[in-house]
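Read through the structure below, which is laid out as structure tokens, and then see the notes.
Values below: every heavy atom of this structure, side chains too, minus hydrogens, waters and symmetry copies. Start at 1 and go down the list; that is how both ligands and their atoms are numbered. Residues: numbered from 1 along the sequence shown.
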Amino acid sequence: MSDINQTGVAGIDAQQLVARALEARKRAYVPYSHWAVGAALLTESGEIFEGCNIENAAYTPTNCAERTAFFKAVSEGERSFAAIAVVGGREHEEPKDICAPCGVCRQVMMEFCDPKRFRVILGTRDGVCVNETLEQILPYGFGPDTLA
Ligand code: THU
């Protein structure tokens with residue numbers, strides 16, 4: 001299997017994780033931006049938590065897809081994560097370009113993941129495009145180890 005298709009968990013490849021993110025994206029609630037995002041968060045034990053963005057008439061309570069997936073998982077007792085796949089684009093269209101996580105979501109990843117090992121996988125309708133570590137997309141990250 002090529003490096004770009006690795007998730008760090010045996011038996012689950014990046015393409016499979018992108019497929020789950022595309023499924024999650026179908027449930028995005030985006031009446032304001034019309035920008036639909038889906039995420040699939042893979043635990044070290046091989047479980048997958050899906051998330052979509054959920055918008056709000058007051059705008060600021062909006063939750064990104066990545067954070068929905070993290071908060072679902074953490075609230076169910078999960079703390080060990082291997083990778084996340086993210087897909088996004090205009091509602092009712094297939095995502096043709098990558099959608100990179102916002103800064104707030106990168107910071108949430110920093111709270112629960114090892115930045116040298118956790119993989120951020122960005123896909124489109126055509127498959128996996130980017131597979132990098134959290135440290136690569138959030139250099140000099142501030143996290144729990146900083147305060148320890
Ligand atoms: N959004 C995400 O869900 N994840 C990202 O990585 C970027 C942005 C959402 C927030 C909002 O609902 C919409 O996309 C437009 O910003």
What about Val104 and Phe71, same hydrophobic cluster or not, with Ile/Leu/Val/Met/Phe/Trp/Tyr joined at side-chain heavy-atom distances under 4.5 Å? no

Do Leu134 and Val86 sit in the same hydrophobic cluster, where Ile, Leu, Val, Met, Phe, Trp and Tyr count as joined when their side-chain heavy atoms come under 4.5 Å apart? yes

Should one rank [options] by closest heavy-atom distance to [atom], which comes out on top?
atom                    : options                     : result
atom 7 (C) of ligand 1  : Gly88, Ala69, Gly103, Cys99 : Cys99
atom 6 (O) of ligand 1  : Arg67, Glu66, His34, Arg25  : Glu66
atom 10 (C) of ligand 1 : Cys64, Cys52, Ser33, Gly89  : Cys64

Hey, which atoms in ligand 1 end up nearer than 4.0 Å to a heavy atom of [X]?
X      : answer
Ala100 : 6 (O)
Glu55  : 11 (C), 12 (O), 13 (C)
Pro101 : 6 (O)
Cys102 : 6 (O)

Does some non-hydrogen atom of the protein lie less than 4.0 angstrom from atom 16 (O) of ligand 1? no

Is the centre of the Phe70 ring less than 6.0 Å from the centre of the Phe81 ring? yes

Once rounded to the nearest 0.5 Å, what's the spacing between atom CD of Glu44 and atom SG of Cys113? 9.0 Å

Side-chain donor or acceptor of [X] paired with backbone N/O of [Y] under 3.5 Å:
X      : Y      : result
Gln136 : Asn131 : no
Asn53  : Trp35  : yes
Gln16  : Asp13  : yes

[X] near ligand 1, heavy-atom distance under 4.0 Å?
X      : answer
Val86  : no
Ala36  : no
Cys105 : no

Assess the residue pair Lys116 and Thr133 against the criterion (side-chain contact (heavy atoms from CB on, under 4.5 Å)); give the C-alpha distance rounded to whole Å, side-chain angles, the decisive distance to 0.1 Å, and a yes or no. CA-CA 6 Å; Lys116 292 189 186 305; Thr133 64; 5.9 Å; no

Arg90 CZ: over 12 foreign heavy atoms closer than 6.0 Å: no

I need the nearest protein heavy-atom contact for atom 3 (O) of ligand 1: residue, atom name and distance, please. Ala65 N, 2.9 Å

Nearest neighbour in protein (non-hydrogen) for atom 9 (C) of ligand 1: Asn53 ND2, 3.3 Å

